[in-house]
Structure formats: C-alpha cells, structure tokens
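Protein chains get the first letters and strands the later ones, always in sequence-line order, with residue 1 at the start of each.
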Amino acid sequence: MMRVLYFAWVRQKVGLGQEEVSPPPAVRDVAGLVAWLSERSPGHAAAFANARTIRAAVNQDFATPDHPVAAGDEIAFFPPVTGG
Amino acid sequence: MTTPTIRVQEAAFDLGAESALLTAGREDVGGLASFVGLCRADDGLAALVLEHYPGMTERAIARIAAEACARWPLTGCTVIHRVGRIPPGGPIVLVLTASSHRAAALESCAFLIDWLKTRAPFWKREEFADGASRWVEAKAADDAAAARWSAEADTGPTTGPTTGPTTGPGPAA
C-alpha cells in the first residue's frame with residue numbers, strides 16, 4: 001500500500017486529495033507509478049497527460065522520475081511550486 | 001549555530017514584533033534584514049489562496065533555513081509563510097535575518113526568499129472579482145534567481161540528488 005497525495009491543479013484534475021493504492025510489483029519508481037496511476041480514471045489521465053509539468057515528492061522530499069517507490073511510501077504529485 | 005524560527009500559519013504576522021524577538025537582550029547583532037512579500041492586486045485580483053503540503057512544507061523550509069545558517073554567520077533567522085486566503089495588500093511571507101554584519105544579513109535574506117520560491121511546496125491560486133480563478137504558474141525568472149546561489153558553492157546536504165542546481169525540483173516523469 002502506498003499513500004498518494006495530490007496538490008493544486010493536479011488535485012483538481014484527479015478529483016482527489018489523496019488515496020491509498022497498491023500497484024503491482026512492476027511499479028518500482030516514480031515514473032512507473034505515474035504510468036500506472038494514469039490508467040485509474042479519466043481524471044488521473046488528464047492530470048498526468050503532460051508529466052513534464054508535474055513534480056513529485058517521495059516521503060516529503062522532492063524526487064526525480066527514477067526515484068524508487070515501495071509499499072509504505074508517501075508519494076505526492078503537484079505542479080511546480082509558486083510560494084514566496 | 002542559530003536555530004531558525006519557522007512558522008506556517010493562516011494569521012497575519014507583525015514585522016516589528018518578529019524583529020524585536022531577534023534583537024531583544026542582544027548586543028551582538030549589527031544588522032537585521034527583512035523581506036516581506038505582499039499580495040498585489042493585479043488584473044482585478046480579489047484574493048490569493050495559498051495551498052501547501054503540510055509536513056513537507058515545514059521540512060523544506062527548515063532545510064532552506066539550515067542552509068542559510070550554514071552559509072552565513074547569522075545570529076537569528078525567522079521565516080513565516082502564510083496559507084489560506086490573502087486579500088490584496090496583505091502580507092504573504094516574512095524572511096528576517098540578523099547578523100553581526102550587514103552583508104551576511106542582506107545576502108542570506110535574499111537567498112532565503114529565492115529558495116523559498118522554488119523549493120518550498122506552496123501553490124498560489126488567484127481569485128478574481130468576477131468569480132474566475134486560476135493557478136499561478138511558476139516563473140523561469142524565479143528558477144534563475146534561485147540558481148545564482150548554487151553557482152557559488154556546492155548545494156551541500158540540503159539539496160539531495162532530486163533538485164538540480166539550475167532548474168529546481170525536476171519533473172516527475
């Protein structure tokens with residue numbers, strides 16, 4: 001089980017703030033998770049349609065597409081940050 | 001080393017009160033630098049609404065502040081970032097740095113706001129008087145401003161392999 005969080009317009013497109021998911025063992029990294037999540041609903045597909053516009057964090061640290069993911073991780077997807 | 005004060009809150013902050021906390025009872029502070037980010041009323045803006053990632057936000061700001069304290073000899077450092085709805089004219093973010101000398105205070109203050117804008121998980125949504133709403137897009141100029149602090153020194157332990165020195169956090173896929 002992984003906990004997936006969505007923020008800003010990614011959250012709006014997915015239609016959820018967070019969800020618990022259990023991807024197959026073939027999903028080993030952030031890029032793999034994005035591909036798998038994209039199949040879950042039209043909202044997910046829309047959110048991840050242009051993955052280069054989305055940033056990720058694994059266990060609350062920014063993560064690149066090749067960053068590993070595993071059961072128990074907290075993975076977040078969001079647009080580039082705009083605070084300050 | 002200085003322990004930074006970090007707060008993420010809905011309430012407004014008081015620059016004078018926060019400044020006093022960094023100087024009260026001390027005689028080693030030679031300069032206090034501050035940056036206050038305010039909500040501009042661009043294009044009929046009615047309010048900014050700030051969303052963040054609770055937990056990661058505090059971690060990210062703590063890392064950025066720790067980096068500032070490692071790079072400059074600070075006697076004090078305060079970062080306060082608001083979330084929720086902020087009307088035009090309202091304060092959004094406060095960065096305060098204190099040091100024995102002005103250069104450290106001024107430079108670290110600029111560093112902190114540059115990195116906060118590109119490395120802390122906040123997102124701004126603009127609400128307009130006519131009911132329209134749109135997410136603010138990240139600016140390349142902000143990445144460039146943040147990158148100038150990376151060219152001078154190795155980014156060290158606070159920026160893992162996940163954040164490139166010139167582009168900030170990379171794409172998810």
Side-chain angles (χ1 to χ4, degrees), chain A residues 2-14 16-18 23 26-40 44-69 73-84, chain B residues 8 35-37 48-64 79 81-83 92-95 112-126 133-140 142-143 145-146 158-164 167-173:
Chain A
M2 298 175 193
R3 184 167 185 235
V4 183
L5 308 180
Y6 306 103
F7 293 97
W9 58 255
V10 180
R11 169 177 54 74
Q12 291 180 324
K13 289 190 176 184
V14 171
L16 293 169
Q18 59 177 285
V27 172
R28 294 191 191 87
D29 58 19
V30 169
L33 183 61
V34 166
W36 183 77
L37 287 170
S38 297
E39 305 287 319
R40 281 175 71 81
H44 288 79
F48 291 111
N50 186 355
R52 291 203 64 81
T53 63
I54 293 188
R55 301 294 180 264
V58 176
N59 298 325
Q60 304 190 350
D61 285 325
F62 288 109
T64 46
D66 60 352
H67 192 289
V69 296
D73 283 347
E74 176 177 295
I75 300 113
F77 295 102
F78 42 76
V81 302
T82 56
Chain B
V8 178
F35 175 83
V36 179
L48 275 178
V49 180
L50 276 108
E51 177 173 333
H52 77 120
Y53 181 174
M56 181 173 170
T57 309
E58 292 80 359
R59 276 167 61 101
I61 298 175
R63 285 186 172 194
I64 295 164
V79 176
H81 205 302
R82 294 177 70 196
V83 293
I92 301 170
V93 60
L94 169 68
V95 176
L112 280 162
I113 189 60
D114 284 347
W115 271 30
L116 276 171
K117 287 187 87 77
T118 54
R119 297 176 185 238
F122 293 95
W123 301 275
K124 290 188 184 112
R125 186 166 52 82
E126 296 172 318
S133 171
R134 73 178 177 216
W135 292 97
V136 173
E137 289 188 26
K139 297 180 185 70
D142 288 337
D143 285 337
T158 63
T159 61
T162 62
T163 55
T167 59

Interface moiety of A:Asn59 toward chain B, non-hydrogen atoms closer than 4.5 Å | backbone
For A:Leu33, is it the side chain, the backbone, both or neither that has a heavy atom under 4.5 Å from a heavy atom of chain B?
-> neither
So, for A:Phe62 and B:Arg119, which heavy atoms are closest and what is the spacing to 0.1 Å?
-> CE1-O, 3.2 Å
Contact part of A:Ala57 toward chain B, heavy-atom cut-off under 4.5 Å: side chain, backbone, both or neither?
-> side chain
Can you measure from OG1 (A:Thr82) to CD (B:Glu51) and round to the nearest 0.5 angstrom?
-> 9.5 Å
Please assess B:Arg63 against A:Asp61 for the test side-chain contact (heavy atoms from CB on, under 4.5 Å), listing each intermediate value before the final yes or no.
-> CA-CA 11 Å; B:Arg63 285 186 172 194; A:Asp61 285 325; 3.2 Å; yes
Specify the closest pair of heavy atoms between A:Val81 and B:Ala138, including all atoms of both residues, with the distance to one decimal.
-> O-CB, 3.9 Å
Smallest separation among heavy atoms of A:Gln60 and B:Arg59, with atom names | OE1-CD, 3.1 Å
Winner by heavy-atom pair count (cut-off under 4.5 Å) against chain A, out of B:His52, B:His81, B:Glu137 = B:His81
Aromatic plane relationship, B:Trp123 with A:Phe78 - under 30° parallel, 30 to 60° tilted, over 60° perpendicular = tilted
Gap between atom CZ of B:Arg125 and atom CH2 of A:Trp9 - 0.5 Å precision = 15.0 Å
